[in-house]
> 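The following block contains the structure, expressed as structure tokens.
These numbers were taken from a predicted model, which means no experiment stands behind them.
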Amino acid sequence: LLQEAFMSTATKRASILAAAEDRGYVGRMISPSTGKARVTNNTLATISLPYGTPLVAPNRLNYVLHESIQLDPGESQIVKVAQLEEKVLATTITTEQKWLELLLTKEMTKAASQVDVYVTQPNRPMEQWEKRYQFRRADGEARVYTEFYKPTEQLGVRFGNGLSGKMPPAGSVITLNVWCTVGDSTLIEGQKMTLDSLNSELVAGVAIVTTTSIVGGAAGEST
């Protein structure tokens, strides 16, 4: 009862976040603006553009293709575009440990819309692990992790203890793909975009024009 009374009257953000962490609660993250664009292949070869392909826009914000596409010469497709930028963090684990935690910086946490977690175990290919709330229904071999939010206003990922969730073995490389956004932003219909690529021929040969406004982003959950 005392704990519940404290939560209902708490006013300090750090106190509220500390109680939220005890419950495994992670507030709604910042969300990106999304919309549609027409992509046209003006080259003489078939091209494949994966999910997350970065784009350059006139408003100088970072955008990506929000789905993968394959285009034959002269073909066009309308695809989803999101105001996101992928940032990749890689950490090598030297010692196997229970409840291993990795934290994002405060600045990256504010911009993080989604975090994808990949683990490359020694002599094995990279695997994407599954987010699981408080390791529910996870045994010692389950390739899962949980997200948490610290009173320091940092988002983190936590791995298991060998009983509830697998511990990444020593020598593993943990890769966090953090999808960052500015939240509420606008790019109107009819704007030309280009691929953000070092291949100048590909950039010149692919035409991208927004067919809807790219809007709808929102700030993360407040205290």
> Taking side chain to side chain contact (heavy atoms under 4.5 Å, CB included) as the test, write out the residues that go with T212, two or more places apart.
K36
> Test side-chain contact (heavy atoms from CB on, under 4.5 Å) on M29 and S113; report intermediate values, then the result.
CA-CA 5 Å; M29 297 183 193; S113 173; 5.5 Å; no
> Rounded to the nearest 0.5 Å, how far does OH of Y145 lie from CZ of F159?
8.0 Å
> Using a strict 4.0 Å threshold on nitrogen-to-oxygen distance, state whether K110 and E153 make a salt bridge.
no
> Without swapping roles, check the side chain of Q83 against the backbone of I214 for a donor-acceptor pair under 3.5 Å.
no
> Cluster question for you: counting only ILVMFWY and a side-chain heavy-atom cut-off of under 4.5 Å, with indirect links fine, are Y63 and L49 together?
yes
> Within a 6.0 Å radius of atom CZ on R38, are there more than 12 heavy atoms belonging to other residues, nucleotides or ligands?
no
> Flag the pair V119 / V173 as yes when at least one side-chain heavy-atom distance between them is below 4.5 Å, and no otherwise.
no
> Using the side chain to side chain contact (heavy atoms under 4.5 Å, CB included) criterion, which residues pair with A207? Sequence neighbours excluded.
T40, N42
> When rounded to the nearest 0.5 angstrom, what distance separates CD1 in I16 from OG1 in T223?
5.5 Å
> Look at the side-chain heavy atoms of Ile, Leu, Val, Met, Phe, Trp and Tyr, link any pair under 4.5 Å apart, and say whether I30 and L89 land in one connected group.
no
> Report yes if the side chains of Q97 and M167 come closer than 4.5 Å at any heavy-atom pair, otherwise no.
no
> Going by the side chain to side chain donor-acceptor pair (under 3.5 Å) test, which pairs reach into residues 182-192, not counting sequence neighbours?
S33-S185
> What's the shortest heavy-atom distance between S31 and G216, and which atoms?
OG-O, 4.4 Å
> Run the ring-centre check on W179 versus Y51 and record whether the distance is less than 6.0 Å.
yes
> To the closest 0.5 Å, what do you measure between CD (Q128) and CG (N177)?
8.0 Å
> Can you find a heavy atom in the side chain of M126 that is under 4.5 Å from one in the side chain of Q121?
no
> Does any non-hydrogen side-chain atom of V206 lie less than 4.5 Å from one of L202?
yes
> Can you tell which of T211, V39, V209 makes a side chain to side chain contact (heavy atoms under 4.5 Å, CB included) with I78?
T211
> Check step by step if side-chain contact (heavy atoms from CB on, under 4.5 Å) holds for T175 and V88.
CA-CA 7 Å; T175 305; V88 180; 3.5 Å; yes
> Please check if L176 and L155 belong to a single hydrophobic cluster, counting links between Ile, Leu, Val, Met, Phe, Trp and Tyr side chain heavy atoms closer than 4.5 Å.
yes
> Considering non-hydrogen atoms only, spot the tightest contact between A112 and L104 and give its length.
CB-CD1, 4.2 Å
> How about L187 and L61: do any of their side-chain heavy atoms sit closer than 4.5 Å?
no
> Nearest 0.5 angstrom please: I69 CD1 to E67 CD, how far?
7.5 Å
> Checking S164 side chain against G160 main chain: does a donor-acceptor pair fall under 3.5 Å?
no
> Considering only residues two or more places apart or on different chains, which pairs with a residue in residues 202-212 satisfy salt bridge (charged side-chain N to carboxylate O under 4.0 Å, His left out)?
none
> Listed by chain and number, what are the salt bridge (charged side-chain N to carboxylate O under 4.0 Å, His left out) partners of K131, not counting sequence neighbours?
E147
> What heavy-atom pair brings A37 and V81 nearest, and what distance separates the two atoms?
CB-CG2, 3.7 Å
> Atom CG of D72 and atom CD of Q70: how far apart are they, to the nearest 0.5 Å?
6.5 Å
> Are V117 and V178 linked, directly or through intermediate hydrophobic residues, by side-chain heavy-atom contacts shorter than 4.5 Å (ILVMFWY only)?
yes
> Are the side chains of T210 and I188 in contact, using a 4.5 Å heavy-atom criterion?
no
> Starting from the C-alpha separation in whole Å, work towards a yes-or-no answer on side-chain contact (heavy atoms from CB on, under 4.5 Å) for L195 and I208.
CA-CA 8 Å; L195 295 175; I208 307 172; 3.9 Å; yes
> List the atom of P122, the atom of A170, and the distance in Å for their closest heavy-atom pair.
CG-O, 3.4 Å
> Answer yes if the side chains of R158 and T146 hold a donor-acceptor pair under 3.5 Å, and no otherwise.
no
> State, yes or no, whether a side-chain contact exists between E86 and P54 at a heavy-atom distance under 4.5 Å.
no
> Taking side chain as C-beta onward, heavy atoms only, is Y149 less than 4.5 Å from L17?
yes
> Given the rule that I, L, V, M, F, W and Y join up when any side-chain heavy atoms are under 4.5 Å apart, are M193 and V182 in one cluster?
yes
> What do the steps show when you test E75 against N41 for side-chain hydrogen bond (donor to acceptor under 3.5 Å, both in side chains), and what is the final call?
CA-CA 6 Å; E75 183 182 3; N41 179 10; over 6 Å; no
> side-chain contact (heavy atoms from CB on, under 4.5 Å) for E130 and R143? Distances and angles first, verdict last.
CA-CA 6 Å; E130 178 188 351; R143 295 174 175 84; over 6 Å; no
> Using 0.5 Å steps for rounding, measure from the CZ atom of F148 to the OH atom of Y133.
14.0 Å
> Main chain of S172, side chain of T120: is a donor-acceptor contact present, judged purely on distance under 3.5 Å?
no
> For R28, give me all partners under side chain to side chain contact (heavy atoms under 4.5 Å, CB included), at least two apart in sequence or on another chain.
E221
> So, for P168 and L100, which heavy atoms are closest and what is the spacing to 0.1 Å?
CG-CD2, 4.3 Å
> Report, as yes or no, whether the 6.0 Å neighbourhood of atom NZ on K150 holds more than 12 heavy atoms from other residues, nucleotides or ligands.
yes
> Is T181 reaching over with its side chain to a backbone N or O of G183, donor-acceptor style, under 3.5 angstrom?
yes
